[in-house]
Every structure is written in C-alpha cells, then in structure tokens.
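Structure record follows, encoded as structure tokens.
The shown structure was predicted, so the numbers you read here are calculated from the model rather than taken from an experiment. As a basis for the values below, the full set of heavy atoms in this structure was taken, side chains included, without hydrogen atoms, waters or symmetry mates. Residue numbers start from 1 in every chain, and the chains themselves are labelled A, B, ... in the order their sequence lines are given, proteins ahead of strands.
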2 protein chains.
Amino acid sequence: MRHLERHVHIFYEGDAQTHIYRTKRGMMRLYHLLADGRRQVIAFRLPGQLIGLGEHETQFCSAQALTEVVLQCVPLSIVHRRMQEEPRFGSELVRCLAVELAETRNQVAFLNRRSALEKLATFILGFLTWTGEDRELELELHMGREDIADYLGLTVETVSRSFARLKTQNLVSLPQTHTVIIQNIGKLIALATGAFEDDETGS
Amino acid sequence: MRHLERHVHIFYEGDAQTHIYRTKRGMMRLYHLLADGRRQVIAFRLPGQLIGLGEHETQFCSAQALTEVVLQCVPLSIVHRRMQEEPRFGSELVRCLAVELAETRNQVAFLNRRSALEKLATFILGFLTWTGEDRELELELHMGREDIADYLGLTVETVSRSFARLKTQNLVSLPQTHTVIIQNIGKLIALATGAFEDDETGS
DNA sequence: CGGACGCTTGAGGGTCTTCAAGGAATGTGG
DNA sequence: CCACATTCCTTGAAGACCCTCAAGCGTCCG
C-alpha cells in the first residue's frame, strides 16, 4: 500500500515495469507524450481499477496522481508466480486486459469521428459510470480543462467553449470549475450518442 | 484451417465468441459500426496475427476477409483448457493482449491529434512493419480508399487528396490505385512523426 | 462497347485551432 | 485576514483544415 501526494508520478514512460497497481483511493492519470511535445491522456483511473497492465518490459505511458491517491502495489514477480500456480488468476488477468482493450477500442472509434460537444458529453457521462454513482448527478472532475482537452484530443479553448454551450442549452451547470451538475441527462445522452444534430432551442 | 473468399465475414459484432483465429494467408479487416451508421475500421490483420482476442462473451467488432484468406481456428474451449493445464500458454495470451492494447493506445494517441497527411504517412509506414518487408518499398494495400478513410477517421475525398499531395511532394508514387511505392522514406517518416510542418518544395 | 463502381478534383461551408486579451480562482506572503 | 502574484479559465477574432456536395475521370466487368 502506498500513499501519493498530488502530481506525483509512480512511473514514467519507458521505465522498467516492476509492479501492477490497483487504485484504492483518489484518481490517477495515464498519459503519453507525443513526438511534438503534446500530451495524450490515455485514461483516468478510479478506485478499483488496475494500472500497469498490458505493457511490455517498459511502461508505455506515464502514471501520475491527480488527487491524493492510495495505491495497492503488486510486484510483477508475484503476478507471474501466481499465474504459474493458479490458472484462474491468469484467466482473470486476461479478462481485465480484454475489458481494457475493448474500452480503448471504443475510445478510438469515438474520438475519431465526433464533434467537440459530443466528445465532452460522452466524457461527462463516462464519469457517471466510472464512479458508479449513476444517480448522483453532481460530479467532481478532479482535473483541469487541460486534462480534459488532452484526453479528448481538443484544445483547452474548445473544451471551455463546449462547456459554455452545454450550459447555454441547460444540459449541465457548473457551480465550480471542477464540479458538474447534470441537469438534463436525457439530452446529454442523446447528444453523446449522436441522436441530436444541433438543437439550440433548449426547451 | 478455413479458407475464405473475399468479403466473407467470420463473425459479426455481437456474435457469440466461439473461436480464436490466426491469419495464415491474406488480410482481414476488423471494424465496428457506430450509432450513426458510420464505420470505424479497428485494425487490419496480416498473416501471423490473432483475431478474436480480448472480447467478452460477444464479439466487439465484425471480422471480414479483405482478400482471399486462410485462417487457423482454435475453439475457445481448447484455449481455456490449455490455459488451465499450461500456465505458459496463459502468459503468452497475456503478452498478445498486451501488445494489442499497446497498439490500440498508440492508435488513440495518433489518430486524435494529427493532420490527414500525417495520418496517411503513418498508415503507409505501418504497412511496412505489418508485412515485415522493411526494405521492400513497393506496397500492396489490398484495400480501397474507403477502408483507409474509415481506419484513419477521414473521408474518402481527403484520403485521395492526401495521396495526391504525397505524390506531388515525390514522397510516394502510385503505379496502381492499390499499390504504393515509397520514394523518399526519410521524408515520409519525418512527416509521420510531425517533424515537418509543411514543406512543399519537394526537392 | 456500355455501365457500374471507385477514384479524383473542385468549390463552398462548418468546425476546430491559433493567437490574443481579459477575468476568475487559488495560493503565498505580509 | 487581506493584497498580490500566479495559474487557470473564459471569450473573441481570424485563419486552417477537413467535410459535404457535386461533377468528371478511370478502371473493371459484364
């Protein structure tokens, strides 16, 4: 078990892989630096989710604490040993990887062809799933606009403008910068799935 | 072992997962249909690569033969049994999944923030790796512009125009529609990695 | 030889980015 | 506890890029 301050890295891209981690509390950010210096946020990790899976010998991305974080650390040697001794453990690992792969593929499919507004709507709705608070319509983002932008492949300005449009259409409200209240989840879902072309009537 | 004609599907999105497949000859296309009817091509599969990994009970995407294809089919029951009996088999499976996950993450990172020209350059270069013919600078695409467009998240027109620009800059030539000859691989790599902003001098 | 299909090329418009400046929020030191 | 500095967020205007619509061209097949 390991406690991390905000902004602390547990590993960087290219580091040797030594452990698999499980988030117990707080939120982690996984990101990848591109050749041109830009940053692609691969994923955010909430409690219960694994980090460090599916890499080669070296880490593919950097892992950084967004908030204060508590991590469970499992040395790779133990992972390997358990896989030898306990076939069901291997199956479980395969399942976790499979889920992560499916999610990542979804990310490809959706980031590629959607407008900024649709991306942001999907992002917000994804937060509901992540935290499991499906009825709690007040969300704490725990991250800045730049994180969202780097995750969705947009600029900070576009993210900000998209938030403004969601507010104008009364789909969400923003009592604080990092807090989102969903006001019309039906329309938000419709937007995320592409059902609405562009409905500004907001009625 | 199973032989497929062109355009034949081995499974559709949502089908129950029954086998894992290994491409022996030819090229497969994995794709995913979006809510709005569009198609996202997830990946192409060349000989030696696996298909059907990392799914849940149901297939996440459809798998279709692009060319004539020969497939090795392994029933899932056998996969599971071997995983119980032979831990190294499980490790191997985890490794394959890890590689696929890393590739997919790369796809996210690169599709998200790159221009059409950079995407196409990367796509062409990716073909070199896939076929393993690193010195063979004449490539057979085996697919139409629409496949490339749906893979890169572009329109057919933009793909066509991007090919035209690569030709104008003498980076590639196209003796036939589906055949690419790389004429200046250095510049193509520079373009793919974002080193060149926009060099029209073509010298 | 004719038709169908896929590829190319053009013009116009929409969306996102870039550049720029102002405003809110957060943290630090007095 | 307040003032100030820094950082982050918002908003505006101009431009770039890609998409859409449209037409022309080439190729393959019947």
Side-chain angles (χ1 to χ4, degrees), chain A residues 5-7 29 34 36-41 66-67 110-121 123 140-168 172-180 191 194 196-200, chain B residues 6-7 29 34 36-41 66-67 110-121 123 141-168 172-180 191 194 196-200:
Chain A
E5 302 284 321
R6 291 177 62 186
H7 307 307
R29 159 174 67 204
L34 279 69
D36 60 1
R38 280 169 154 173
R39 187 182 66 160
Q40 173 70 47
V41 172
L66 257 169
T67 63
F110 130 81
L111 285 178
N112 226 359
R113 295 268 206 171
R114 301 233 158 267
S115 71
L117 212 57
E118 291 169 328
K119 285 183 183 181
L120 189 58
F123 173 74
E140 198 58 43
L141 298 180
H142 294 300
M143 69 185 76
R145 299 289 183 262
E146 193 170 2
D147 286 308
I148 303 174
D150 287 346
Y151 179 66
L152 298 178
L154 301 169
T155 59
V156 183
E157 294 92 329
T158 303
V159 171
S160 186
R161 274 184 260 265
S162 301
F163 267 123
R165 287 182 65 187
L166 290 182
K167 261 196 308 193
T168 305
V172 305
S173 64
L174 301 171
Q176 295 167 17
T177 313
H178 298 254
T179 307
V180 177
L191 184 59
F196 281 4
E197 291 307 299
D198 204 62
D199 186 352
E200 298 284 350
Chain B
R6 291 177 61 184
H7 306 307
R29 159 174 68 204
L34 280 69
D36 60 1
R38 280 168 154 174
R39 186 181 66 161
Q40 173 69 48
V41 173
L66 257 169
T67 63
F110 127 82
L111 286 177
N112 226 358
R113 295 267 206 172
R114 301 233 157 268
S115 72
L117 210 58
E118 291 169 328
K119 285 183 181 180
L120 189 59
F123 174 75
L141 298 180
H142 294 300
M143 69 185 76
R145 298 290 183 261
E146 193 169 4
D147 286 309
I148 303 174
D150 287 346
Y151 180 65
L152 298 179
L154 301 169
T155 59
V156 184
E157 294 93 330
T158 303
V159 171
S160 186
R161 273 185 261 267
S162 300
F163 267 124
R165 287 181 66 185
L166 291 181
K167 259 195 308 193
T168 306
V172 305
S173 65
L174 301 170
Q176 295 167 16
T177 312
H178 297 252
T179 307
V180 176
L191 185 60
F196 281 5
E197 291 308 298
D198 206 60
D199 187 351
E200 298 284 352

Enumerate all atom pairs, one protein N or O and one N or O from nucleotides 26-30 of chain D, separated by less than 3.5 Å.
none

Produce the list of close N/O pairs, under 3.5 Å, pairing protein atoms with atoms of nucleotides 10-14 of chain C; give distances to one decimal.
residue : atom : partner : partner atom : Å
dG10(C) : N7   : R161(B) : NH1          : 2.8
dG10(C) : O6   : R161(B) : NH2          : 3.3

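Between the CD1 atom in I148(B) and the OG atom in S160(B) there is a gap of 10.0 Å [rounded to 0.5 Å]. Atom-to-atom distance recorded for R161(B):CZ and T168(B):OG1 is 13.0 Å, nearest 0.5 angstrom.
With sequence neighbours excluded, the residues forming a side chain to side chain contact (heavy atoms under 4.5 Å, CB included) with T155(A) are E157(A), T158(A), listed by chain and number. Residues meeting the side chain to side chain contact (heavy atoms under 4.5 Å, CB included) test with S173(B), sequence neighbours left out: P175(B), I181(B), Q183(B). Not counting sequence neighbours, the partners of N112(A) by the side chain to side chain contact (heavy atoms under 4.5 Å, CB included) test are Q40(B), L111(B), K119(B).
Comparing dC19(D), dT11(D), dC7(C) by their closest approach to the side chain of H178(B) singles out dC7(C). Between dC16(C), dC18(D), dT11(D), one nucleotide has an atom nearer to the side chain of A164(A) than all others, and that is dT11(D). Checking dC18(D), dC9(D), dC16(C) against every side-chain atom of T158(B), the shortest atom distance belongs to dC18(D).
If you measure from atom CG of L154(B) to atom C1' of dC18(D), you get 8 Å, rounded to the nearest angstrom. Following rounding to the nearest Å, F163(A) (CZ) and dT10(D) (P) show an atom-to-atom distance of 8 Å. Put simply, CG on L111(B) is 13 Å from P on dC18(D), counting in whole angstrom units. Across the protein-nucleic acid pair, L117(A) atom CG and dT15(C) atom P stand 10 Å apart, rounded to whole Å. Rounding to whole angstrom units, CD of residue Q176(A) and C1' of dT10(D) are separated by 17 Å. K167(B) places its NZ atom 13 Å from the P atom of dC7(C), with the value rounded to the nearest Å. Taking atom CZ of R6(A) as the reference point, atom P of dC8(D) lies 10 Å away to the nearest angstrom. Between the P atom of dC16(C) and the CZ atom of R145(A) lies a distance of 17 Å, rounded to the nearest Å.
Fit an axis to the five pairs at each end of the helix from dC1(C)-dG30(D) to dG30(C)-dC1(D) and the two axes sit 40° apart, to the nearest 10 degrees.
Across every non-hydrogen atom of F110(B) and E118(B), the tightest pair is CE1-O, 4.3 Å. Between L66(A) and R6(A), the shortest heavy-atom distance links the atoms O-NE, 3.6 Å.
The shortest side-chain heavy-atom distance between L120(A) and R165(A) does not fall under the 4.5 Å cut-off. Two residues are said to be in side-chain contact when any heavy atoms from C-beta on lie closer than 4.5 Å; R113(B) and D150(A) meet this criterion. By the 4.5 Å heavy-atom criterion applied to side chains, V180(B) and L174(B) are counted as neighbours.
OP1 or OP2 of dT17(C) has at least one side-chain nitrogen or oxygen of T155(A) nearer than 4.0 Å.
Toward the 5′ end of DNA chain D lies the nearest nucleotide of S160(A), the other residue of the pair S160(A) and R113(A) mapping further downstream.
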Q: Give the C-alpha distance, both sets of side-chain angles, the deciding distance and a yes or no for side-chain contact (heavy atoms from CB on, under 4.5 Å) between R39(B) and D147(B).
A: CA-CA 9 Å; R39(B) 186 181 66 161; D147(B) 286 309; 3.0 Å; yes
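At a threshold of 4.0 angstrom between heavy atoms, the contacts of R38(B) are confined to the sugar-phosphate backbone, with no base atom among them.
Without hydrogens or angle criteria, H178(A) side chain to M143(A) main chain gives a donor-acceptor distance under 3.5 Å.
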